[in-house]
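Worth knowing before you read on, the calculation uses all heavy atoms, side chains too, and leaves out hydrogens, waters and symmetry mates. Since we're looking at a predicted model, the values are computed, not measured.
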Amino acid sequence: MAISDFQLIEAWKEVLTLSKLERGQTVTILTSASTHPQTLQCALIATQSMGAIVNRLDLPPVNGDKAFSRDSLAYLGTTPLTGNRAAIAALKESDLVLDLMTLLFSPEQHDILKSGTKILLAVEPPEVLARMVPTLADKVRVLAAAAKLNAAREMRVTSPAGTSFICPMGEFGPTAEYGFVDEPGRWDHWPSGFALSYPNDHTAHGTIVIDRGDILLPQKRYVTEPIVLTVEKGYATRIEGGVDAALLRDYMETFRDPEGYAISHIGWGLQPRARWSTLGLYDKEATIGMDARAFEGNFLFSLGPNNEGGGSRTTTCHIDIPLRNCTVSLDDAVVVKDGRVINE
């Protein structure tokens with residue numbers, strides 16, 4: 001259901017206030033051919049009404065001839081900023097970049113953040129943004145989970161479906177996504193609400209069972225029959241099952257990159273306003289599936305790069321897979337029990 005411009009402008013103002021936007025600061029709104037026009041228009045109004053100096057930087061799309069999906073996270077190759085020194089310079093001179101295009105997993109994004117510029121990604125439909133406006137309580141919850149990840153040296157994941165998965169940790173720090181950017185050089189994603197980290201390179205091992213009702217992204221597909229992943233030395237070495245497994249194998253083979261099979265980030269959802277069932281209510285091209293990534297109690301793991309967490313692995317292939325009904329333990333402490341977050 002659509003929302004009014006007034007509602008979305010108010011949502012933008014709330015997020016910008018949480019992001020500590022001040023009068024006189026420079027905001028650059030980064031857009032592309034796929035940017036939602038209402039999101040852009042309301043962002044322009046909200047930033048100007050708060051006294052910011054506002055620019056819009058619109059860049060042509062890339063990778064459409066290489067990707068097998070129109071999802072912005074389906075192919076993590078070059079971006080419209082690759083080699084574009086003038087555009088990068090403009091973004092580095094901004095206090096805040098509102099990314100309505102998707103720079104995630106790009107070296108250009110890291111370069112811009114190092115300058116102290118804050119980047120907030122917002123590409124979900126307007127009504128999803130309005131439903132999941134972040135709060136300070138979200139930040140508290142996510143930072144508490146991130147602190148647990150930072151202190152842990154091993155994550156264990158089990159499920160009734162047969163998952164038995166072990167990830168040694170400590171090589172990479174945690175990432176806390178709570179939906180706003182309140183510190184210089186911070187990146188975040190509105191909407192979100194989860195904590196994640198990365199296993200030590202070449203160490204994750206065990207079995208992951210993607211059960212019926214679990215979700216594949218960017219396929220935006222509920223699994224209808226179990227898929228069994230065998231993980232050895234940090235890589236999914238076998239993907240077994242029926243048609244769903246065959247579809248996943250075939251998609252991953254299109255990248256022709258063994259690094260796409262590496263275990264990437266691991267963590268769990270903490271957003272009570274996100275719902276597992278929402279994906280089935282949207283056209284596949286209308287959303288990137290943040291409800292699926294953030295719903296409270298999921299175990300979210302991914303395959304592909306780890307450069308967002310400080311690693312050196314890059315690949316154009318990135319698969320996010322939220323699982324239900326899992327038990328997640330950090331060292332000897334259970335943080336998610338049968339798909340429900342344990343609140344201390």
Side-chain angles (χ1 to χ4, degrees), residues 67-71 73-76 155-167 194 196 198-199 202-269 275-282 284 287-289 291-295 297-306 313 315-329 336 338-339:
F68 284 80
S69 167
R70 298 186 71 178
D71 189 287
L73 296 177
Y75 190 93
L76 303 178
M155 177 186 288
R156 289 177 174 263
V157 185
T158 60
S159 76
T163 293
S164 181
F165 180 52
I166 299 173
C167 292
F194 47 84
L196 58 88
Y198 296 78
H202 307 290
T203 62
H205 59 281
T207 300
I208 300 174
V209 179
I210 307 167
D211 201 8
R212 295 177 180 87
D214 293 335
I215 296 171
L216 300 178
L217 299 165
Q219 288 83 350
K220 305 184 185 85
R221 174 183 176 89
Y222 292 99
V223 169
T224 58
E225 52 187 334
I227 303 171
V228 181
L229 270 62
T230 300
V231 180
E232 300 173 298
K233 296 181 179 179
Y235 289 79
T237 56
R238 291 194 296 278
I239 302 174
E240 300 172 298
V243 173
D244 285 335
L247 287 168
L248 180 58
R249 284 197 306 270
D250 186 77
Y251 175 77
M252 296 189 69
E253 287 168 3
T254 66
F255 294 91
R256 300 179 181 179
D257 185 358
E259 297 302 324
Y261 296 84
I263 299 297
S264 181
H265 57 72
I266 50 174
W268 65 96
R275 304 300 301 181
W276 162 72
S277 59
T278 302
L279 190 67
L281 304 175
Y282 272 87
K284 285 188 176 183
T287 174
I288 65 168
D291 271 278
R293 290 179 173 91
F295 73 86
N298 73 29
F299 167 61
L300 176 66
F301 79 98
S302 73
L303 302 172
N306 67 356
R313 186 173 62 250
T315 174
T316 54
C317 180
H318 181 244
I319 312 285
D320 278 338
I321 307 176
L323 307 183
R324 298 184 300 154
N325 306 318
C326 291
T327 294
V328 180
S329 301
V336 179
D338 298 328

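- The line from CZ of Arg313 to OG of Ser264 is 6.0 Å long, rounded to the nearest 0.5 Å.
- Across every non-hydrogen atom of Met252 and Gly260, the tightest pair is CE-O, 3.3 Å.
- The backbone N or O of Ser164 lies less than 3.5 Å from no partner atom in the side chain of Arg156, so there is not a single donor-acceptor pair.
- Going from atom OG of Ser159 over to atom CZ of Phe165 covers 12.0 Å, rounded to the nearest 0.5 Å.
- The nearest pair of heavy atoms linking Ala236 to Leu303 is CB-CD2, 4.5 Å.
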Q: Apply side chain to side chain contact (heavy atoms under 4.5 Å, CB included) to the pair Asn306 and His265, showing each step before the final yes or no.
A: CA-CA 7 Å; Asn306 67 356; His265 57 72; over 6 Å; no

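- Between Trp268 atom CH2 and Leu323 atom CG the span is 14.5 Å, to the nearest 0.5 Å.
- Between Cys326 and Val336 the shortest side-chain heavy-atom distance does not fall below 4.5 Å.
- Between the side chain of His205 and the main chain of Thr203, a donor-acceptor pair closer than 3.5 Å is present.
- Formation of a donor-acceptor pair under 3.5 Å by the Thr315 side chain with backbone atoms of Pro305 is not found in this model.
- Considering only heavy atoms from C-beta on, Ile239 comes within 4.5 Å of Leu229 through its side chain.
- For Trp276 (side chain) and Gly213 (main-chain N/O), a donor-acceptor pair under 3.5 Å exists by modelled atom type.
- Listed by chain and number, the residues in a side chain to side chain donor-acceptor pair (under 3.5 Å) with Asp244 are Arg221, Thr224 (sequence neighbours excluded).
- You'll find the side chain of Leu216 stays beyond 4.5 Å of the side chain of Leu247, heavy atoms only.
- A distance of 10.0 Å separates CD in Gln219 from CG in Asp320, rounded to the nearest 0.5 Å.
- Pairing each heavy atom of Leu300 with each of Pro322, the nearest pair is CD1-N, 3.8 Å.
- Using a 4.5 Å heavy-atom threshold, the side chains of Arg212 and Tyr222 count as separate.
- For the atom pair CZ of Arg249 and CD of Glu240, the computed distance is 8.0 Å after rounding to the nearest 0.5 Å.
- Closest approach of Pro226 and Val209 over heavy atoms only: CB-CG1, 4.3 Å.
- The shortest distance between side-chain heavy atoms of Asp211 and Val223 does not fall below 4.5 Å.
- A 4.5 Å side-chain heavy-atom check between Val328 and Met155 finds at least one atom pair inside the cut-off.
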Q.
Evaluate Asp257 against Cys317 for side chain to side chain contact (heavy atoms under 4.5 Å, CB included), listing each step before the verdict.
A. CA-CA 8 Å; Asp257 185 358; Cys317 180; 5.8 Å; no

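- For the residue pair Glu259 and Tyr235, the shortest heavy atom distance occurs at OE1-OH, 2.8 Å.
- What you find for Ile319 and Pro218 is that their closest heavy atoms are CD1-CD, 4.2 Å.
- Taking 4.5 Å as the limit, every side-chain heavy atom of Phe299 sits out of range of all side-chain heavy atoms of Ile321.
- Ring geometry for Phe255 against Tyr251 counts as perpendicular: the plane angle is over 60°, on a 0 to 90° scale with 30° as the lower cut.
- Residues Asn325 and Asp338 have side chains not in contact (no heavy-atom distance under 4.5 Å, counting atoms from C-beta outward).
- For Arg293 (side chain) and Ile288 (main-chain N/O), a donor-acceptor pair under 3.5 Å exists by modelled atom type.
- Crowding of Arg275 atom CZ: a count of heavy atoms from other residues, nucleotides or ligands under 6.0 Å not exceeding 12.
- One N or O on the side chain of Asn298 and one on the backbone of Ala292 form a donor-acceptor pair closer than 3.5 Å.
- Judged by distance alone, with hydrogens and angles left aside, the side-chain atoms of Glu225 form a donor-acceptor pair with the main-chain N or O of Val243 at under 3.5 Å.
- We find the OG-CD1 distance between Ser302 and Ile263 to be 8.0 Å, quoted to the nearest 0.5 Å.
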Q: Could you go through the side chain to side chain contact (heavy atoms under 4.5 Å, CB included) check for Ile215 and Leu279 one step at a time?
A: CA-CA 9 Å; Ile215 296 171; Leu279 190 67; 3.6 Å; yes

